[in-house]
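The structure presented is a predicted model; accordingly, all values stated were derived computationally and were not measured. These values consider heavy atoms only, across backbone and side chains, with no hydrogens, waters or symmetry-generated copies.
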Amino acid sequence: MALIRCPECNREISDQAAACPGCGYPLIRTASDETEERLAAAKARDRLFLKRAGLILLGLIVLILTLVILTARGIL
């Protein structure tokens, strides 16, 4: 058994403790903590996908407008 420092109050505690006996800071990750991290990662991936899709759509719109304008002026 090793001693570690509590990240909250800096007290020396056992590395096997579920929470700091001094301040109550949780030290063992729970299933809900892992679920929250997975949800946060999924949301970040979704935001990145939407950002990329938006940029691609904007690029296509600019390309189409450019082609329409050039065709209307007789350049193409």
For Arg5, what residues pass the salt bridge (charged side-chain N to carboxylate O under 4.0 Å, His left out) criterion, not counting sequence neighbours?
Glu12
Test item: Ile13 and Leu3 side chains (from C-beta on) under 4.5 Å apart, heavy atoms
no
Report the distance from atom CG of Leu58 to atom CG of Leu63, rounding to the nearest 0.5 Å.
11.5 Å
4.5 Å side-chain heavy-atom contact, Cys9 and Tyr25
no
Qualifying residues under side-chain contact (heavy atoms from CB on, under 4.5 Å), relative to Arg47, sequence neighbours excluded
Lys43, Ala44
For Arg45, all residues meeting side-chain contact (heavy atoms from CB on, under 4.5 Å), sequence neighbours excluded:
Ala41, Ala42
Below 4.5 Å, heavy atoms only, C-beta onward: do Leu27 and Asp15 meet side chain to side chain?
no
Under the rule for side-chain contact (heavy atoms from CB on, under 4.5 Å), what residues qualify as partners of Ile61, not counting sequence neighbours?
Leu57, Leu65
Between Thr66 and Val62, what is the shortest heavy-atom contact and its length?
OG1-O, 2.8 Å
Side chains of residues 67-76: which donor-acceptor partners sit under 3.5 Å, not counting sequence neighbours?
unit_1	atom_1	unit_2	atom_2	d
Thr71	OG1	Leu67	O	2.7

Members sharing Leu50's hydrophobic cluster, built from side-chain contacts under 4.5 Å between Ile, Leu, Val, Met, Phe, Trp and Tyr, are Phe49
What distance separates Cys20 SG from Arg11 CZ, expressed to the nearest 0.5 Å?
6.0 Å
